[in-house]
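This report refers to the structure that appears directly beneath it.
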Amino acid sequence: MNAPLREPSFRESVDIMFNHAVRLMDLSPGLEEKIRVCNSTYVVRFGVRLRGAIHTFTGFRAVHSEHHEPVKGGIRYSLAVNQDEVEALAALMTYNCALVDVPFGGAKGGLCIEPRDWNEHELEQITRRFTFELAKRDLISPSQNGPAPDMGTSEREMAWMVDQYRRMNTTDINASACVTGKPLHAGGIAGRTEATGRGVQYALREFFRHPEDVARTGLKGGLEGKRIIVQGLGNVGYHLAKFLSEEDGCRIVAVIERDGAVVNEDGLAIDFLRTHLNACGGVRGFPGGTFHEDGADWLEAECDILIPAALESAINLDNAERIRAPLIVEAANGPITSGADEILRKRGKVILPDLFVNAGGVTVSYFEWVKNLSHIRFGRMERRQQEAQNALLIAELERVAQSAGLTAGFSDVFKKEYVRGAGEIDLVRSGLDDTMRTAYQEMREIWHGRKDVEDLRTAAYLVSIGRVATSYRSKGL
Ligand code: NAD
């Protein structure tokens, strides 16, 4: 009898995918190993007095690669956080940033905690103490190491972190750049909260602009009308589901959450579902769909696009053979294990890889960091000048048309839209869209151009590893 197949750990899984790609490259001896390994991981145990007793918490900050600084990566709050996981996520951040040409190295942090077990005031005390521990060792700093939100954290935690850092560095004029994903009032940027979900939308739009690529999935036409299943309705899942259903005409036919799945063939009302989830802690009882307790089984249901947006290893050796969606979009980090990836590849499934798909978050984090260092909101200087120029052009064209005896003019709607200067949110969206399109085009050039590259994940790794290698070479390594 065959022994049951062992699933590698998350970090091993990332390394296997890295190794698969690096075999197709010609790197100088030893460079491959230097790029793959995680440079350092700091583990801290600290106590906080809460509810009349001292509670000890364990936190991590892994730095995978410092070929660019600061290194960047989210902070996760979950009981499942461990060293293997943060190192895997830090490695993914290195490849993420390199793929979308964002000048950061890769890092990730985490705290072993169930955030729902603590009230807001307690969470603030815990977060401030964790920040203190990180700041003491330069593991949070505008020039060296920048956290951001991830699973279990949001702009609220980032606001506490930046405030704590500022208290410890009162003369640092760039203090607000020590963390991204902050609320606007604490130095954030318009569009950061939605950025990862928005990036998933732009990634899918770009994929559907290439009919030859869509043909590989067996799907037909554009995004409109596509039936989508989403796992996880948190920050990433909620925004992508909302944008794809409200702006691209997709139908979200099932959402899988911790407590089960909710299904509606006509399409779920995402805002109502999110309100229900926030109020009730699950999707059970949502009046706009049918509830099924066997949530994970819905990953295997028939649909056009499957978007795992919750956690790693959701698609693994146990269920990979039964996945029916022809197109899988990895909005979460590492939702497909390396073994499952191989099975899906052999079954002809097309996978848009995490390195690419969820890079919207770090891309807009980069814009936020630049904004913080330049101390000025994007568009503040140019917006009204641009509007005046546009108004001048319209007025002159209308004058010329009139003097030529033409009666038809521009419609008021067109004039309003044309004259409007770009505000921060417009510039952020434009920069994000450009980033996602460019990254996809670089990947697909390799995917189509090289016979030895079968899939977009390998293509993504080739682009990223190539960039990191160039960086190391220029440092004399
Ligand atoms: P989140 O905490 O806001 O949301 C996660 C959601 O998944 C929650 O609604 C949770 O209830 C649900 N969930 C947890 N376990 C589940 C399970 N077993 N089955 C179904 N649902 C489950 O987290 P997020 O920020 O949306 O992150 C989700 C994923 O996206 C993670 O892999 C994260 O690393 C990745 N990511 C996040 C960002 C970001 O900007 N927040 C950026 C890049 C990548």
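For the 3.5 Å distance criterion, the side chains of Asn39 and Lys34 qualify, holding a donor opposite an acceptor. Between the side chains of Asp455 and Thr458, a donor-acceptor pair is found at a separation under 3.5 Å. Using a 3.5 Å distance cut-off with no hydrogens or angles, the side chains of Tyr202 and Arg437 do not pair a donor with an acceptor. Between the side chains of Tyr165 and Ser176, no donor N or O sits under 3.5 Å from an acceptor N or O. Side chains of Glu155 and Thr193: a donor-acceptor N/O pair is present below 3.5 angstrom, by distance only. When only modelled atom types and interatomic distance are considered, Asp84 and Ser9 share a side-chain donor-acceptor pair under 3.5 Å. Side-chain polar atoms of Asp341 and His20 form no donor-acceptor pair below 3.5 angstrom. Donor-acceptor pairing under 3.5 Å is recorded for the side chains of Glu87 and Gln83.
Glu7 contributes a side-chain N or O that, together with a main-chain N or O of Leu317, makes up a donor-acceptor pair within less than 3.5 Å. The closest donor-acceptor contact from the side chain of Arg192 to the backbone of Lys182 lies at 3.5 Å or more, if one exists at all. Side chain of Asn169 to backbone of Arg166: no donor-acceptor contact under 3.5 angstrom is found. In this structure a side-chain-to-backbone donor-acceptor pair under 3.5 Å is missing from Arg45 to Thr56. Using a distance-only test at 3.5 Å, with no hydrogens or angles considered, no donor-acceptor pair links the side chain of Glu312 to the main chain of Gly334. Listed for the Asp434 side chain is no donor-acceptor partner under 3.5 Å among the backbone atoms of Ser430. When atom types are taken as modelled, the side chain of Thr153 and the backbone of Pro149 share no donor-acceptor pair closer than 3.5 angstrom. The backbone N or O of Gly466 sits less than 3.5 Å from a side-chain atom of Thr470, completing a donor-acceptor pair. Between the side chain of Arg209 and the backbone N or O of Gly222 there is no donor-acceptor pair closer than 3.5 Å.
Closest approach of Asp354 to Pro335, counting heavy atoms only: OD2-CD, 4.3 Å. In terms of heavy-atom proximity, Thr180 sits nearest to Met158 at O-CG, 3.5 Å. Here the closest non-hydrogen pair linking Leu432 and Gly199 is CD2-N, 3.9 Å. Contact detail for Glu368 and Ile189: the closest heavy-atom pair is CB-CG2, 3.6 Å. The two atoms that bring Met436 and Ala203 nearest to each other are CE-CB, 4.0 Å, heavy atoms only. Here the shortest heavy-atom pairing between Leu99 and Ser464 reads CB-OG, 3.5 Å.
Using a 4.0 Å cut-off between a side-chain N of Lys or Arg and a carboxylate O of Asp or Glu, Asp163 and Arg128 qualify as a salt bridge. Ion pairing between a basic and an acidic side chain is recognised when a charged N comes within 4.0 Å of a carboxylate O; Arg467 and Glu442 show such pairing. For Glu33 and Arg36, the salt-bridge test passes: some basic side-chain N is under 4.0 Å from an acidic carboxylate O. Comment: Glu424 does not engage Arg380 in a salt bridge, judged by the lack of any side-chain N to carboxylate O separation of less than 4.0 angstrom. Ionic pairing of Glu300 and Arg324 is not present here: no N-O contact between side-chain nitrogen and carboxylate oxygen is shorter than 4.0 angstrom.
None of Val329, Ile351, Ile228, Ile315 except one satisfies the side-chain contact (heavy atoms from CB on, under 4.5 Å) rule with Leu306; the exception is Ile315. Just one of Lys242, Arg198, Lys226, Arg205 meets the salt bridge (Lys or Arg N to Asp or Glu O under 4.0 Å) condition when paired with Asp248; it is Arg205. Glu257 pairs with exactly one of Leu273, Val230, Leu277 by the side-chain contact (heavy atoms from CB on, under 4.5 Å) rule, that one being Leu277.
From Phe10, atom CZ reaches atom CD of Glu85 across 6.5 Å, with rounding to the nearest 0.5 Å. Note that NZ of Lys475 and CD of Glu66 are 9.5 Å apart. Values are rounded to the nearest 0.5 Å. To the nearest 0.5 Å, atom CG of residue Asn333 and atom CE of residue Met151 are 9.0 Å apart. Between Arg129 atom CZ and Leu134 atom CG the span is 11.0 Å, to the nearest 0.5 Å. Note that OG of Ser338 is 11.0 Å distant from CD1 of Ile336, once rounded to the nearest 0.5 Å. Atom CZ of Arg429 sits about 11.0 Å away from atom CG of Asp433, to the nearest 0.5 Å.
Not counting sequence neighbours, the partners of Arg444 by the salt bridge (Lys or Arg N to Asp or Glu O under 4.0 Å) test are Glu212, Asp213. Phe60 is linked by a ring pair (Phe, Tyr, Trp, His ring centres under 6.0 Å) to nothing, counting only residues two or more places apart in sequence or in another chain.
Relative orientation of the Phe130 and Tyr77 rings is tilted, given thresholds of 30° and 60° on the angle between their planes. The aromatic rings of Tyr440 and His210 sit tilted relative to each other, their planes meeting at an angle between 30° and 60°. Using cut-offs of 30° and 60° on the angle between ring planes, the pair Phe378 and Phe367 is perpendicular.
Taking the six-membered ring for Trp and the full ring otherwise, the centers of His67 and Phe104 sit at least 6.0 Å from each other. The distance between the ring centers of Phe46 and Phe132 does not fall below 6.0 angstrom.
Counted within 6.0 Å of CD on Glu246, heavy atoms from surrounding residues, nucleotides or ligands total more than 12; the atom is thus considered enclosed. The environment of Ile173 atom CD1 is sparse: at most 12 non-hydrogen atoms of other residues, nucleotides or ligands sit within 6.0 angstrom.
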Candidate pair Tyr366 and Thr435, rule side-chain hydrogen bond (donor to acceptor under 3.5 Å, both in side chains), full reasoning: CA-CA 12 Å; Tyr366 168 49; Thr435 302; over 6 Å; no
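Relative to the six-membered ring of Tyr238, Arg274 meets both conditions, a distance below 6.0 Å and an angle of at most 45° to the axis. Remark: Arg216 qualifies as a cation-pi partner of Trp447 under the 6.0 Å distance and 45° angle criteria applied to the six-membered ring.
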